[in-house]
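Here the structure comes first, spelled out in structure tokens, and everything after it is commentary.
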Amino acid sequence: MKGINYRVLMNNWDTVVEKICDEMTPHDVLRVVAKYVQQNIDESKKHNLTTSHLVEGHRKLIEAMIHLDPEQ
């Protein structure tokens with residue numbers, strides 16, 4: 001099985017997100033991304049790496065999730 005071509009993925013990111021959002025709500029997509037970022041924060045802390053940029057990005061993802069919450 002061939003792996004994901006990162007450059008192609010990034011060049012077609014809008015299309016990828018649209019297809020994902022057809023099957024999931026934007027709130028759900030952000031939840032998956034926020035979980036991934038949190039895992040990177042935890043892993044970076046284990047290796048004593050700087051996490052300020054990840055923490056800031058995670059905070060902004062959570063804010064966006066709050067604004068997009070379908071239950072509000």
Side-chain angles (χ1 to χ4, degrees):
M1 183 172 161
K2 189 175 180 182
I4 295 173
N5 184 326
Y6 182 76
R7 188 177 68 237
V8 171
L9 174 70
M10 294 311 294
N11 288 340
N12 297 300
W13 186 244
D14 291 340
T15 304
V16 171
V17 171
E18 283 179 26
K19 287 187 180 200
I20 291 171
C21 288
D22 283 344
E23 297 180 17
M24 298 172 65
T25 66
H27 185 268
D28 293 336
V29 172
L30 287 177
R31 183 183 317 126
V32 171
V33 174
K35 182 179 176 183
Y36 176 76
V37 171
Q38 183 61 53
Q39 290 171 347
N40 281 322
I41 291 169
D42 297 340
E43 190 65 27
S44 295
K45 285 181 179 179
K46 287 181 188 176
H47 299 290
N48 295 322
L49 299 173
T50 303
T51 60
S52 59
H53 62 288
L54 291 171
V55 170
E56 181 64 19
H58 188 262
R59 184 185 63 76
K60 289 183 179 186
L61 284 168
I62 299 300
E63 284 179 15
M65 286 175 61
I66 290 168
H67 292 297
L68 292 173
D69 190 358
E71 295 182 9
Q72 289 188 6

Inset, instruction - Starting at NZ of K19, measure out to CG of N12 and round the result to the nearest 0.5 Å. - result: 9.5 Å
Legend entry - Where L30 and M65 come nearest, the two heavy atoms and their spacing: CB-CG, 3.5 Å
Atom pairs and distances, donor-acceptor, side-chain atoms in residues 31-43, under 3.5 Å, two or more places apart:
{"from": "R31", "atom 1": "NH1", "to": "D28", "atom 2": "OD1", "distance (Å)": "3.4"}
{"from": "R31", "atom 1": "NH2", "to": "D28", "atom 2": "OD1", "distance (Å)": "3.1"}
{"from": "Q38", "atom 1": "NE2", "to": "D42", "atom 2": "OD1", "distance (Å)": "3.0"}
{"from": "N40", "atom 1": "ND2", "to": "Y36", "atom 2": "O", "distance (Å)": "3.4"}
{"from": "E43", "atom 1": "OE2", "to": "H47", "atom 2": "NE2", "distance (Å)": "2.9"}

Legend entry - Pair E56 + R59, salt bridge at N-O below 4.0 Å: yes
